[in-house]
Amino acid sequence: MSRDQRSRLFRSALLFFVGCFCGNYWVKLNLTADSVAKREAGDVQAPPGYEVKTILRSLHREQEDIPAEKEIPCKCGGQRPSHYMAPWQLANKQKEQKASLERFEKRRIDLRDVYNQVQGSSPISYPAHGVYCRPMRTVQLKGVRIDWFDASAVQGQTQLTVQLNGEKGVFDLANSVDYVAVDGDGTAQLTIRTTNPSLLNRQLQYIVYRNTHYDANTFDLVKLQYSGFIATIPIHIQQVQLPWLYDQKGGKFQDRVTVVVKTFFRYSNLKRLIASIHEHYPGTRMVIADDTPSKLFTSVQATNVDQFRMPENIGYFAGRNLGLSQVATEYFLYTDDDHYIRNESRLHMFVSLLDKTNFHLVSATYEKRESKFSSTLDVTGGENQICLLQRYEPNHFHEIPGFPGCYANEICQNFFMASTNEMKSIGFDPDQALARIGHEEIFLSALGRLRTAACRNNVIGHNRKGGPEFKDYGKFRNPGEKSEALRFKYNLFKHNLACTQIDWGMNTTKTKTKK
């Protein structure tokens, strides 16, 4: 056999195999509106206003197993529930925790996005996201149409059928199209039949969804079926959320910010804080929550200073909650009683950041502790085995545009300015487990719900040793191992955590656990 003969034989074999391979594909006809049919004698005849095209679509779609990024396993040497309970106690507590978590998920108002897989080469055009409807109201399903049809079905005048199914609403027709049969008008299952592609798409333009099952915030997943294809249209049913706006009055600092302080016995520190607020931000109202025992109580009530006496030793976060409940301005500044405003502190900058960005909370830096002004959380484990590792390296994320030295973060210092509305939705947990000491807890509650930031270049005074009462204050302040154990046990249960641990960022291999 000559070289030319071998070459021709090879090309023939190649064409044969290519032809067999292409035979495993469907040949479809694309009938696209907005274009005019261009055909020659003998071609498939398209309806007016359509164009005939060839589409190759694979008969078989094999799911390729591509390794996905897996969640990092929970590796934590910190506090675990098993540290505080016997095995039988832990088993009972886990059952209680599971039931509590199920109730929490049922009440969630911030719905997770609906996963919506869109089929490739589907003839159905539809809105895959962004359809909203108020409860018990209607919305037009705009953009629903069939973009291409089987040529043999069109030529043979085969009946074309579209079916829609809903769970929390029904389908109405805003108008009827002649020569189109519709079954189920006003029900949760609507069927449209016709032999004419143009009339089918015209009827689809008049479909209206009407919600019949009241829920303030939910989804109805409408299923649309045509010629073996299925499309899912997620309809977000949501009641209007009314804004809570604040009158800025004169627009001055004191018109927009209220200072909230939780105090206990450290009156020399508290008086220094009050004086610094009056000096730098005169006219600003202060709300002071005080649970000092009666025999040690001292009144600091004055102009623009409202002191609220609480039951003795009721607790740290309970006092914060009381203070927050009395705020009537758009923003509030929380500070412990041992802080004070320095000459270089710039609280107006906090107001500007909250006004101009979408952040909810921004914190300052303690003097002489600038390196610990912020921290982040390393979150590992699955949904039911979450571990939180607090880190100071890295201690923040990106810098906030327009505010140099201010960074997105997850845990702040106890001196911060925040949006009143959003903080009220989180609140401060008044449980007795957090009565003596608490810090990270408010930021754990805000995790994934509020945007927090910290500014390295906004420094405030921090007088930790205080005045003459400090020695006696320490007797109340230091909680002891029993109270610390109660605190961590409570946090683990409350947030459904498997473990919590602090990493001070001094060494990547050594960590310091909470004690």
Side-chain angles (χ1 to χ4, degrees), residues 26 28-35 50 53 55-64 66 68-69 105 108-150 160-175 182 184 187-194 197-241 448:
W26 284 350
K28 292 291 183 180
L29 296 175
N30 188 12
L31 305 179
T32 307
D34 306 327
S35 59
Y50 289 84
K53 289 185 178 179
I55 294 178
L56 297 180
R57 188 174 67 83
S58 175
L59 277 172
H60 304 287
R61 295 191 182 98
E62 294 184 359
Q63 184 68 36
E64 187 175 356
I66 301 175
E69 182 181 4
E105 291 292 346
R108 283 177 71 102
I109 203 72
D110 52 331
L111 296 177
R112 298 177 180 179
D113 287 336
V114 173
Y115 178 78
N116 195 11
Q117 177 73 38
V118 179
Q119 291 180 322
S121 300
S122 172
I124 308 171
S125 288
Y126 62 97
H129 181 71
V131 180
Y132 287 86
C133 179
R134 292 183 185 175
M136 315 305 287
R137 301 285 285 275
T138 62
V139 62
Q140 182 183 357
L141 299 184
K142 296 181 180 179
V144 176
R145 60 175 289 109
I146 308 301
D147 274 330
W148 57 265
F149 301 84
D150 189 299
L160 308 171
T161 303
V162 171
Q163 186 176 86
L164 293 97
N165 292 274
E167 297 178 353
K168 300 173 183 177
V170 299
F171 304 99
D172 299 325
L173 293 181
N175 197 5
V182 178
T187 71
Q189 179 174 307
L190 183 71
T191 303
I192 302 174
R193 299 184 180 90
T194 183
S198 297
L199 296 181
L200 176 63
N201 278 328
R202 184 169 177 80
Q203 185 65 80
L204 290 175
Q205 295 178 11
Y206 296 117
I207 296 177
V208 175
Y209 171 86
R210 173 163 51 92
N211 173 243
T212 57
H213 179 82
Y214 182 87
D215 193 309
N217 199 6
T218 188
F219 278 96
D220 194 353
L221 303 180
V222 171
K223 301 292 184 182
L224 191 156
Q225 301 178 59
Y226 167 75
S227 188
F229 292 89
I230 300 177
T232 300
I233 305 174
I235 299 179
H236 191 174
I237 301 164
Q238 184 178 38
Q239 184 56 283
V240 61
Q241 297 182 356

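- Between the side chain of N201 and the backbone N or O of I146 there is at least one donor-acceptor pair closer than 3.5 Å.
- In this structure, D220 and E167 approach most closely via the heavy-atom pair OD1-N, 3.1 Å.
- Panel note: side chain Q189, backbone F171; no donor-acceptor pair is recorded below 3.5 Å.
- Rounding to the nearest 0.5 angstrom, the gap separating the CD1 atom in I124 from the CD1 atom in I230 is 8.5 Å.
- Nearest heavy atom pair, residue A174 against residue V208, reads CB-CG2, 4.1 Å.
- In summary, the side chains of T232 and K223 do present a donor paired with an acceptor at a separation below 3.5 Å, with no hydrogens or angles considered.
- Put simply, the side chain of H213 does not reach to within 4.5 Å of the side chain of I237, judged on heavy atoms.
- Within the 4.5 Å cutoff, side-chain heavy atoms of Q239 are placed close to those of R134.
- Contact record, V170 with A188: CG1-N, 3.8 Å, taken as the closest heavy-atom pair.
- Using a distance-only test at 3.5 Å, with no hydrogens or angles considered, no donor-acceptor pair links the side chain of Q205 to the main chain of L141.
- Between the CG atom of L190 and the OH atom of Y209 there is a distance of 13.5 Å, given to the nearest 0.5 Å.
- Using bins of under 30°, 30° to 60° and over 60° for the plane-to-plane angle, the ring pair F219/H236 lands in the parallel bin.
- Rounded to the nearest 0.5 angstrom, I192 CD1 and Q163 CD are separated by 10.5 Å.
- The CG atom of L204 lies 10.5 Å from the OH atom of Y226; values are rounded to the nearest 0.5 Å.
- In this structure, the separation between CG on L160 and OG1 on T194 is 7.0 Å, given to the nearest 0.5 Å.
- Nearest heavy-atom pair, S121 versus W148, reported as atom, atom and distance to 0.1 Å: O-CZ2, 3.0 Å.
- Within the model, atoms CZ of R210 and OG1 of T138 stand 8.5 Å from one another, a figure rounded to the nearest 0.5 Å.
- Using a 4.5 Å cut-off on side-chain heavy atoms (C-beta onward), P127 and V144 make contact.
- Across T218, I235, T212, V222, a single residue satisfies side chain to side chain contact (heavy atoms under 4.5 Å, CB included) together with K168, and that is T218.
- Smallest separation of non-hydrogen atoms from P135 and N211: CA-OD1, 3.3 Å.
- Looking at every heavy atom in both residues, P234 comes nearest to A128 through CG-O, 3.3 Å.
- Here the side chains of L221 and I233 are not in contact, with every heavy-atom distance at 4.5 Å or above.
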